[in-house]
Number of protein chains: 2
Amino acid sequence: MKLTRRSEYALLALTYLGRAATEEWVPLGRIAEAQAIPLRYLEHIVAAMCRAGYLVSSKGQHGGYRLARKPSEITIAEVIRLFDGALAPVESVSKYFYQATPIERETKMLAVLGNIRDYVARTLEGTTLADIL
Amino acid sequence: MKLTRRSEYALLALTYLGRAATEEWVPLGRIAEAQAIPLRYLEHIVAAMCRAGYLVSSKGQHGGYRLARKPSEITIAEVIRLFDGALAPVESVSKYFYQATPIERETKMLAVLGNIRDYVARTLEGTTLADIL
DNA sequence: ACTACTCCGACTGAAACAGTAGGATAACAT
DNA sequence: ATGTTATCCTACTGTTTCAGTCGGAGTAGT
């Protein structure tokens with residue numbers, strides 16, 4: 001599980017929105033500036049999070065974005081899975097992104113990697129946006 | 001830490017050599033066939049492991065490769081670091097590959113990621129080639 | 001109508017990944 | 001000496017991913 005900028009920006013945007021007033025529509029420009037994220041890139045990221053149901057948007061003047069769920073109901077795991085796929089170090093031990101890989105034959109190795117994937121999944125599924133605010 | 005084929009092939013080659021007789025020089029062709037690895041690709045991988053001191057080679061007929069150290073003295077962590085770099089999910093929490101990244105500002109987030117990196121590093125540094133044979 | 005937003009698709013440069021290819025070099029066998 | 005079998009070294013290649021950028025369309029409030 002290697003985090004890309006995409007995921008980092010997504011998490012930063014979420015934290016910003018999590019700290020904003022619940023009612024407020026926050027325009028992207030403000031997030032981009034505050035968190036030093038390229039605006040036009042952030043658009044794509046935020047669009048994906050809308051489709052995924054983490055955010056809702058309002059168009060037009062004084063529009064913007066806000067969280068669609070409570071911060072305590074958005075786990076870090078799902079955000080990272082959305083942008084970077086599997087949490088596992090190898091797809092052979094991935095639960096949601098399983099794929100065969102050459103190392104499968106080595107069962108001891110697989111056990112070690114599986115153990116790691118379990119730890120990562122457990123901690124990231126157990127951590128919500130509310131925890132990091 | 002996303003494992004690439006490089007690392008997988010490297011580990012497979014190591015396990016093959018680990019199971020061979022200690023004195024024996026194993027030619028690459030045999031490893032490639034046994035583990036289903038493209039020979040010309042494996043050459044690069046093995047060369048890197050020679051330079052790193054995990055393997056020694058013998059040229060010419062009846063030449064090949066063998067382990068330079070005992071299996072119990074080669075950790076999985078160092079192999080993966082050699083080919084895929086940091087074990088950490090983000091360079092901000094990497095010990096050997098530190099680099100600044102945007103998410104650094106979020107200390108709670110950083111703590112979670114740091115915790116993951118520590119777990120991964122600990123288990124992979126604690127697992128040697130001998131353990132997976 | 002104007003302005004300030006979101007929304008949508010296409011495009012781009014650079015790097016990484018996963019190989020392939022050609023040939024040089026070295027040791028051993030006959 | 002010569003041929004065989006192996007390592008070694010450098011360069012190249014196609015594909016995909018990453019991290020953006022760009023132009024413009026749609027929409028809601030003033």
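Letters A, B, ... are given to chains in the order of the sequence lines, protein chains preceding strands, and every chain is numbered from 1. Note that these values count all heavy atoms, side chains included, but never hydrogens, waters or copies made by symmetry.
Both A:L39 and A:S58 lie close to DNA chain D; mapped to their nearest nucleotides by heavy-atom distance, the more 5′-ward contact belongs to A:L39. If A:E43 and A:L3 are placed on DNA chain D by their nearest nucleotide, the residue sitting closer to the 5' end is A:L3. Of the residues near DNA chain C, B:R40 and B:Y9, the one whose nearest nucleotide (by heavy atom distance) lies more toward the 5' end is B:Y9.
Counting to the nearest Å, the P atom of C:dT20 and the NE2 atom of B:H44 are 10 Å from each other. For the pair B:Q61 CD and C:dA27 P, the computed distance is 13 Å after rounding to whole Å. A:I45 has its CD1 atom 9 Å from the P atom of D:dA19, to the nearest Å. Nucleotide D:dC9 holds its C1' atom 10 Å from the CZ atom of B:R51, rounded to whole Å. Distance CZ (A:F83) to C1' (D:dG20): 15 Å, rounded to an integer number of Å. Atoms NZ (B:K2) and P (D:dC18) sit 11 Å apart, rounded to a whole Å. Look at CD on B:E8: it is 11 Å from P on C:dG19, rounded to the nearest Å. The interatomic distance linking B:L12 (CG) with C:dA18 (C1') rounds to 15 Å, in whole Å.
Contact annotation: A:S57 reaches the phosphate of C:dC7 (side-chain N/O to OP1 or OP2, under 4.0 Å). Listed pair B:Y65 / D:dC8 meets the phosphate criterion, a side-chain N or O lying under 4.0 Å from OP1 or OP2.
The distance from atom CD of A:Q35 to atom CD1 of B:I103, rounded to the nearest 0.5 Å, is 9.5 Å. Separation of atoms CD (B:E91) and CD (B:Q99) is listed at 5.5 Å; rounding is to 0.5 Å.
Side-chain atoms of A:R5 lie closest to D:dA19 of the nucleotides D:dT7, D:dT21, D:dA19. Proximity note for A:P27 (side chain, C-beta onward) versus C:dC5, D:dC8, D:dA19: the nearest is C:dC5.
Not a single donor-acceptor pair, N or O on each side, falls under 3.5 Å between the base of D:dT4 and the side chain of B:H62.
B:E8 and A:R105 are not joined by a salt bridge, as no carboxylate oxygen comes within less than 4.0 angstrom of a charged side-chain nitrogen.
Using modelled atom types, one finds no donor on one side chain facing an acceptor on the other under 3.5 Å when comparing B:T75 with B:T128.
A perpendicular orientation is assigned to the rings of B:Y9 and B:Y41, their planes being inclined by more than 60° (bins at 30° and 60°).
Residue A:G64 is in sugar-phosphate contact alone, with no base atom involved, counting any heavy-atom pair closer than 4.0 Å across all strands shown.
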